[in-house]
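First comes the structure, then the notes that go with it.
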Amino acid sequence: MPELPEVEVTRRGIAPALENRRLASADFRIPALRYPLPHAQRAAMLGQRLHAIERRAKYLLLRFDQGTMLIHLGMSGSLRLMAPGLPAEKHDHVDLEFGQGAQRILLRFRDPRRFGALLWLAGEADSHPLLKVLGIEPLTEAFTARWLKNSLEGVRSPIKPTLMDSHRVVGIGNIYASESLFRAGIDPRTPAGKISLRRLERLVPEIKATLLSAIEAGGSSLRDFIHSDGSSGYFQQQYFAYGRAGQPCYRCNSPIRELRQSNRASFYCARCQR
DNA sequence: CCGACAACCTGTGAGC
DNA sequence: TGCTCACAGGTTGTCG
């Protein structure tokens, strides 16, 4: 599930219910996800007040009084709010309970593939190696065509995998890389450094618009998110290119093509994207 | 420095 | 129905 929009929708979904509550219990059911879970630091985090949930790239940063919990959803992770006491299912690896009495609420981390991560950073979180190497946030004013032009100077690799490199720009995953390039009319195989400023002036707004509209689409399901009923709620977004191999391009009717770049599927229209 | 690729894991769907 | 295989929205690390 998670690219930047999904992570942001998750953040908005859980923050109101959890902020300003204290961590009442933490249950780590397995030794590790991508990294070891912070079993040994459990005692230190209990009782601390959560004052804000922020997002950096695809990481969620849960800011406590003295420490930050870093959560990454990986490929298959999800966070859900529910009533305490509901039995954990197969891939529910972490339970965090907040508040007390009638206010008590459970945040449950499920991750079948276990590519996700949950770390406890006791000190200054922002200087952590995982965060320090991250590139620019695409939904900020600093992310402009001029910035991207400079960043891509001399880069010979194709634009699509380059856009997905989180050391350069964060949060653009496989789906939204294809979608943004379709919307900007740029062939995913174009060497990144050869794209003109003019064309980047089209690409950058399309990246922002693609991400923002996905956030809005997810936002419409926030109510379902907060309640703990079925896993639905997310209505499947309509993609222009992603997953549409062989189907007609919505713009010109020629068939959407599929290729592999850096071992990831890419989708594009050979006529609209040059 | 760069690109290609393997690795981490389970679930799902296609094809036979 | 059941088996096998390829592939899945991410990221890190290694190797040439």
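All chains are named by letter (A, B, ...) in the order of the sequence lines, taking the proteins before the strands, and each is independently numbered beginning at 1.
- For Glu124(A), the salt bridge (charged side-chain N to carboxylate O under 4.0 Å, His left out) criterion is met by no residue, not counting sequence neighbours.
- Using atom C1' as the reference point in both dT4(C) and dC8(B), the two lie 22 Å apart (nearest Å).
- Within the structure, every pair that satisfies the salt bridge (Lys or Arg N to Asp or Glu O under 4.0 Å) test and touches residues 192-206 of chain A, not counting sequence neighbours, is listed here: Arg183(A)-Glu206(A).
- Scanning residues 147-155 of chain A for heavy-atom distances under 4.0 Å to DNA chain C yields an empty list.
- Checked against side chain to side chain donor-acceptor pair (under 3.5 Å), Gln103(A) has the following partners two or more places apart in sequence or in another chain: Arg21(A).
- For dA8(C), the OP1/OP2 oxygens have a side-chain nitrogen or oxygen of Arg260(A) closer than 4.0 Å.
- When the P atom of dC7(C) is taken as reference, atom CG of Asn263(A) falls 9 Å away, rounded to whole Å.
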Contact list (N/O, under 3.5 angstrom) for nucleotides 10-12 of chain C vs protein:
residue, atom, partner, partner atom, Å
dG10(C), OP1, Lys58(A), NZ, 2.8
dG10(C), OP2, Asn174(A), N, 3.2
dG10(C), OP2, Arg264(A), NH2, 2.9
dG10(C), N2, Arg34(A), NH2, 2.9
dT11(C), OP1, His72(A), NE2, 2.6
dT11(C), OP2, Lys58(A), NZ, 3.0
dT11(C), O2, Arg34(A), NH2, 2.4
dT12(C), O4', Arg34(A), NH1, 3.4

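- In this structure, the NE2 atom of His93(A) is 12 Å from the C1' atom of dG11(B), given to the nearest Å.
- One can place NE2 of His91(A) at 15 Å from C1' of dC8(B), the figure rounded to the nearest angstrom.
- Applying the side chain to side chain donor-acceptor pair (under 3.5 Å) test to pairs two or more places apart or on separate chains, those with a residue in residues 128-137 of chain A are Arg55(A)-Glu137(A), Arg56(A)-Glu137(A).
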Base-pair map of DNA chain B as dot-bracket, where | denotes pairing with a different strand and pairs are Watson-Crick or G-U under 3.5 Å: .|||||||.|||||||
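- Sorted by first then second residue, the salt bridge (Lys or Arg N to Asp or Glu O under 4.0 Å) pairs that include residues 22-42 of chain A, not counting sequence neighbours, are Arg22(A)-Asp65(A), Asp27(A)-Arg29(A), Arg29(A)-Asp95(A).
- The side-chain hydrogen bond (donor to acceptor under 3.5 Å, both in side chains) test with Lys160(A) singles out one residue from Ser180(A), Ser266(A), Ser178(A), Ser262(A), and that residue is Ser266(A).
- Gly171(A) and Glu3(A) make their closest contact through O-OE1, 4.3 Å (heavy atoms, listed as atom of the first residue, atom of the second, distance).
- Here dC9(B) presents its P atom at 11 Å from CG of Leu33(A), a figure rounded to the nearest Å.
- Ranked by how close their nearest DNA chain B nucleotide is to the 5' end, Ser157(A) and Pro112(A) are led by Ser157(A).
- By the side chain to side chain contact (heavy atoms under 4.5 Å, CB included) test, Pro158(A) is found to be paired with Pro161(A), Gln261(A), residues two or more places apart in sequence or in another chain being considered.
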Apply side-chain hydrogen bond (donor to acceptor under 3.5 Å, both in side chains) to residues Arg110(A) and Ser78(A) and explain how you reach the verdict. CA-CA 5 Å; Arg110(A) 173 178 298 184; Ser78(A) 62; 5.3 Å; no
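- dG9(C) and dA14(B): their P atoms are spaced 16 Å apart (whole Å).
- The side chain to side chain donor-acceptor pair (under 3.5 Å) search around Asp165(A) returns none, not counting sequence neighbours.
- Contact between the side-chain N/O atoms of Tyr176(A) and the OP1/OP2 oxygens of dG9(C) is not found at any separation under 4.0 Å.
- In this view, Arg274(A) satisfies the salt bridge (charged side-chain N to carboxylate O under 4.0 Å, His left out) rule with no residue, not counting sequence neighbours.
- Looking at residues two or more places apart in sequence or on another chain, you find a salt bridge (charged side-chain N to carboxylate O under 4.0 Å, His left out) between Glu54(A) and Arg63(A).
- When heavy atoms are screened at a 4.0 angstrom cut-off, Ala265(A) is found touching the sugar-phosphate backbone but no base atom.
- Computed from coordinates, the Asp165(A) CG to dA4(B) P distance equals 13 Å when rounded to whole Å.
- Protein atom CD of Glu258(A) is 15 Å distant from nucleotide atom P of dA6(C), rounded to whole Å.
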